[in-house]
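Let me begin by presenting the structure, written as structure tokens, before commenting on it.
Convention: sequence-line order gives letters A, B, ...; per-chain numbering from 1.
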Number of protein chains: 2
Amino acid sequence: MPTTKTLRAGSAHKRAAILTAARELFLTDGFDRTSVDAIAAQAGVSKRTVYDYFGDKQTLLRAVLDAVGQSLVATIRRTLDDTLTDVTEAGELETALVAFAMRIATDMLDSAEYATLQRLAQTESDHLPHRDDQLITYAPDEALGERLAALARAGLLDAPDPRLAADHFIALTFGVALNRLGSANAAEDDRVRPLVIEGVRAFLRAYRREA
Amino acid sequence: MPTTKTLRAGSAHKRAAILTAARELFLTDGFDRTSVDAIAAQAGVSKRTVYDYFGDKQTLLRAVLDAVGQSLVATIRRTLDDTLTDVTEAGELETALVAFAMRIATDMLDSAEYATLQRLAQTESDHLPHRDDQLITYAPDEALGERLAALARAGLLDAPDPRLAADHFIALTFGVALNRLGSANAAEDDRVRPLVIEGVRAFLRAYRREA
DNA sequence: ACCACACTACACCGTGCAGTGTAGTTCGCT
DNA sequence: AGCGAACTACACTGCACGGTGTAGTGTGGT
């Protein structure tokens, strides 16, 4: 490790710093209004280095997008495992779903970030190579869908189309929260929790297995 | 009319042309990437005229936003009156709600347009005078909320918080549709209708009055 | 015939920014 | 000592765009 440590670690560190600075500035100021000079300054790096790491501004945006998407899907999967695995009784269901939604909402303003960045990518810098964006975009829905399918098999839910149920769940919780409160808040806002709880209850009214 | 017709009509016409061109270009290319020259060209008007009508680019954006918001709330209200007024029997409810949602979805990609423009306004051109944006933004939800409250009073729905129910309805229909399909489609896409129908059904499962 | 006005065409200025080229510095390695 | 790589500081080019000033054209009203 000592051989590569200072070099690669330094490299990796700078790379991460650039990505972070770029993400923050893109989110607050928008893609076009963010100058590469500003990114370099905020990252504590010379502009030339930015261009040496990533070829141009578009590629940098692409890299930011990939990084955020990556961490997004990782967090979703982890949270899913933490909160929805050992649910076997109907009584636990609401609590578990609320816990899941709240952890996503707080751990990750990322989700809002990612949506915004997607929009930036799509609108601002027109048509960058589309690649497997859809995979990343739809991954959360599908992961949640699988989990809901498991809950349906366990007799707790009545969800013939689990993927659709997942979309409905997301819409009723994050969708409503993002719609009512600007995407800026997410974490610390007191108004999030009640909204999420009511969303979960509506979801359960629609999808709970009838006795 | 002949006195003002050619003059004012010409003026109004050009004004509208500029607003339309600006809206289209802002939506497809984003605010910053749209040059005033391009707007003038697409509107069939000299750049100078654009600056004579609206003082600068920001003001033009503001005007576009106002115009779209205006037409949005008008369409919502009209559609609400057309589809949800004389519903008195439980059997009509699903059909009526689907009709409402579909007409909004097709008549108006506007809703998607408006959301996108809001984002542009908020992110791109930082802080333009905020004014009564919230009124326009939340108007649809509130209008639908009132209507749902009426349906609740008629004994067709069980919605103690009609405003929340409205948010849930919107999330389950438009939210899901916008999430799955890019905002570009809306109107002609065959996949919209089934999504909307399933959204309405989920909504009714959650909010229909229990016998 | 003339004025006022709306509008165009066009040239023009200033500026901010993407991207490049390069000389110089630091530092780990041998 | 000396080499090479990572990095910085900085100057510089080219361009696109916001905004303005202005001369000229068409047109309706008097």
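Here the P atom of nucleotide D:dC17 and the CG atom of B:Asp29 are 10 Å apart, to the nearest Å. In this structure, the CD1 atom of A:Ile18 is 12 Å from the C1' atom of D:dA6, given to the nearest Å. Across the protein-nucleic acid pair, A:Asp52 atom CG and D:dA9 atom P stand 14 Å apart, rounded to whole Å. Rounded to an integer number of Å, the gap from B:Arg48 CZ to D:dG24 P is 17 Å. Remark: P of C:dA11 and CG of B:Asp37 are 13 Å apart, rounded to the nearest angstrom. The OH-P distance, from B:Tyr53 to C:dT8, rounds to 8 Å in whole Å. The separation between A:Lys47 atom NZ and C:dG19 atom P is 9 Å, rounded to whole Å. Summarising the geometry, the separation between OH on A:Tyr51 and P on C:dT22 is reported as 18 Å, rounded to the nearest angstrom.
Nucleic acid contact class of A:Asp56 (heavy atoms, under 4.0 Å, all strands): sugar-phosphate only.
A heavy-atom distance below 4.5 Å is not found between the side chains of A:Met102 and A:Thr83. Counting heavy atoms from C-beta outward, A:Leu60 and A:Ile39 have side chains that approach closer than 4.5 Å.
Between A:Gly55 and B:Gly44, the residue whose closest nucleotide on DNA chain C is further toward the 5' end is B:Gly44.
A pairwise comparison of heavy atoms in B:Ala40 and B:Val50 identifies CB-CG2, 3.9 Å as the closest pair.
For C:dG19, its base never sits under 3.5 Å from the side chain of A:Lys57 at any donor and acceptor pair.
Of the candidates C:dT8, D:dG18, D:dC7, the closest approach to any side-chain atom of B:Lys14 belongs to C:dT8.
Applying the 4.0 Å criterion to OP1 and OP2 of D:dC17, one finds that B:Thr34 has every side-chain N and O outside that range.
Salt-bridge annotation for A:Asp52 and A:Arg48: present, with a side-chain N of the basic residue lying under 4.0 Å from a carboxylate O of the acidic one.
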